[in-house]
Amino acid sequence: MKHTPTEELYLSLQSAFDHFNQELFEGELPSVIFTMQRKNKCMGFLSANRWASPLGEGYCHELAINPTYVGKASILSTLQVICHEQVHIWQVIRPEERKCSRSGYHNKVWANKMEEIGLMPSSTGAPGGAKTGQNMSDYPIEGGRFLEVCRTLIKKEEFRIPWFDRKAEPVFGYQPTPEVLEYLNTEGKGENSHEDNPGATSEETFQDIAALLSAPLSTMVGQEEQQVFLQAAKSNQTRTKYQCPSCTTNVWGKPNLAVRCETCDMSFVSVG
């Protein structure tokens, strides 16, 4: 039986949650209800015990993913969001571990657990950022458990995110670094590297995994559809970039504007 698009999307998120729960949290995290919510400058968030069962089955946490950023994000970034929120759930089920000074604060207990599972907390999403704070991001630790578990998810579960927002905004958070991509490409090329996938060479396997994890989902759309979508977006622009073909001076104005460069005595041409 073919799944609906709704089922396909949420099943993919659930499969990632279950995989990380088993591999990074020893299966102790409770189930959640996934939702898609567009919250400004936030790729995801947790609402603890937000849902209640009318049948008396207790409460359930809500794990929200922001679809506004998923289209321009890599699979790796989306998986980071899930793990980031799972650490919050890990704290929620341990009242003694929360000890937060205020709602939403990312404390040292959370930061230490993040490092333990292979994600470095950072207020900037890059090396050098603060490890605790109100608004926090993170980045994968090279050689850490998170990257290894992402690799096994791709290899064993054939994980994909099947749908994304075509009008997605640029991602403001982590982007895989060359070092992380190199790690994903080369790690595991030893003598036992064929155990999980004996039909492929280790180099082919890990290069494919790095590409799948790091590429923005929007780049996976067919070339023809990308052009149609980009042309539609272009037609909605309110300003056009013009450039002098001689001195390359740039100006911006309304579409179809007639402009000349007085220095070069040449007409500006549209370049964007």
Next on the checklist: Using side-chain heavy atoms (C-beta onward) and a distance below 4.5 Å, is Asn107 in contact with Gln91?
Outcome noted: yes
Checklist entry - Which residue, Ile93, Asn21, Asn49, forms the side-chain contact (heavy atoms from CB on, under 4.5 Å) with Pro30? => result Ile93
Checklist entry - Are any non-hydrogen side-chain atoms of Thr132 and Pro121 less than 4.5 angstrom apart? => result no
Checklist entry - Tell me, which pairs form a side-chain hydrogen bond (donor to acceptor under 3.5 Å, both in side chains) where one or both residues lie in residues 23-32, sequence neighbours left out? => result Glu28-Arg94
Item to check | CD on Glu116 to CZ on Phe25, rounded to 0.5 Å | outcome: 8.5 Å
Item to check | Residue pair Ser15, Ser12: steps toward the side-chain hydrogen bond (donor to acceptor under 3.5 Å, both in side chains) verdict | outcome: CA-CA 5 Å; Ser15 67; Ser12 72; 5.8 Å; no
Checklist entry - With the threshold set at 4.0 Å, does a side-chain nitrogen-carboxylate oxygen contact exist between Lys2 and Glu8? => result yes
Next on the checklist: What's the separation between atom CE in Met36 and atom CG in Leu13, rounded to the nearest 0.5 Å?
Outcome noted: 4.5 Å
Next on the checklist: Between Phe45 and Thr35, is the side chain to side chain contact (heavy atoms under 4.5 Å, CB included) condition met? List the steps.
Outcome noted: CA-CA 10 Å; Phe45 59 90; Thr35 63; 5.8 Å; no
Next on the checklist: Nearest 0.5 Å, please: how far is CD1 in Ile154 from CD1 in Ile75?
Outcome noted: 5.0 Å
Checklist entry - Looking at Cys83 and Leu119, what are the two nearest heavy atoms and their distance? => result CB-CD1, 3.8 Å
Next on the checklist: If only side-chain N and O atoms count, and only distance matters, is there a donor-acceptor pair under 3.5 Å linking Thr4 with Thr6?
Outcome noted: no
Item to check | Audit row: Thr124, Ser137, side chain to side chain contact (heavy atoms under 4.5 Å, CB included) steps and yes/no | outcome: CA-CA 6 Å; Thr124 63; Ser137 186; over 6 Å; no
Checklist outcome for this item: Tightest non-hydrogen contact, residues His19 and Val149, listed as NE2-O, 3.1 Å
Next on the checklist: One thing to verify: whether Glu148 and Arg145 come together as a salt bridge, which I'm taking to mean a side-chain N less than 4.0 angstrom from a carboxylate O.
Outcome noted: no
Next on the checklist: Could you report the tightest heavy-atom contact between Ile141 and Glu115, atom names first, then the distance?
Outcome noted: CD1-O, 3.9 Å
Checklist entry - Looking at Val32 and Leu63, what are the two nearest heavy atoms and their distance? => result CG2-CB, 4.1 Å
Item to check | Over all atoms of both residues, closest heavy-atom pair of Ala48 and Val92 | outcome: CB-CG2, 4.1 Å
Checklist entry - Hey, mind stepping through Trp110 and Trp90 against side chain to side chain contact (heavy atoms under 4.5 Å, CB included) and telling me if it holds? => result CA-CA 9 Å; Trp110 173 86; Trp90 176 84; over 6 Å; no
Checklist outcome for this item: Value for CE (Met43) from CG (Asn66), rounded to nearest 0.5 Å, stands at 8.0 Å
Checklist entry - Apart from Ile33 itself, what residues make up its hydrophobic cluster, given side-chain heavy atom links below 4.5 Å? => result Trp51
Next on the checklist: Suppose we call two aromatic rings close when their centres sit under 6.0 Å apart. Are His88 and His106 close by that rule?
Outcome noted: yes
Next on the checklist: Using a 3.5 Å distance criterion without hydrogens, assess whether the side chain of Gln80 forms a donor-acceptor pair with backbone atoms of Asp138.
Outcome noted: yes
Checklist entry - Looking only at atom types and distance, does a side-chain atom of Ser47 sit under 3.5 Å from a main-chain N or O of Arg50, one as donor and one as acceptor? => result no
Checklist entry - Which atoms form the tightest heavy-atom contact between Gly118 and Phe146, and what is the distance? => result O-CB, 3.7 Å
Checklist entry - Side chains of Asp18 and Gln14: do they bring a donor and an acceptor to under 3.5 Å? => result yes
Next on the checklist: Is the shortest side-chain heavy-atom distance between Pro67 and Phe164 below 4.5 Å?
Outcome noted: no
Checklist outcome for this item: dist Ile117:CD1 -> Asn112:CG (nearest 0.5 Å) comes out at 12.0 Å
Next on the checklist: Quick check for you: to the nearest 0.5 Å, what is the distance between Glu62 atom CD and Leu46 atom CG?
Outcome noted: 8.5 Å
For residues 258-265, which side-chain donor-acceptor pairs fall under 3.5 Å, sequence neighbours excluded?
unit_1, atom_1, unit_2, atom_2, d
Arg260, NH1, Ser267, OG, 2.9
Arg260, NH2, Asp265, O, 2.8
Arg260, NH2, Asp265, OD1, 2.9

Item to check | CA sep, side-chain torsions, deciding dist, call: His84, Met114, side chain to side chain contact (heavy atoms under 4.5 Å, CB included) | outcome: CA-CA 7 Å; His84 178 122; Met114 287 285 284; 4.0 Å; yes
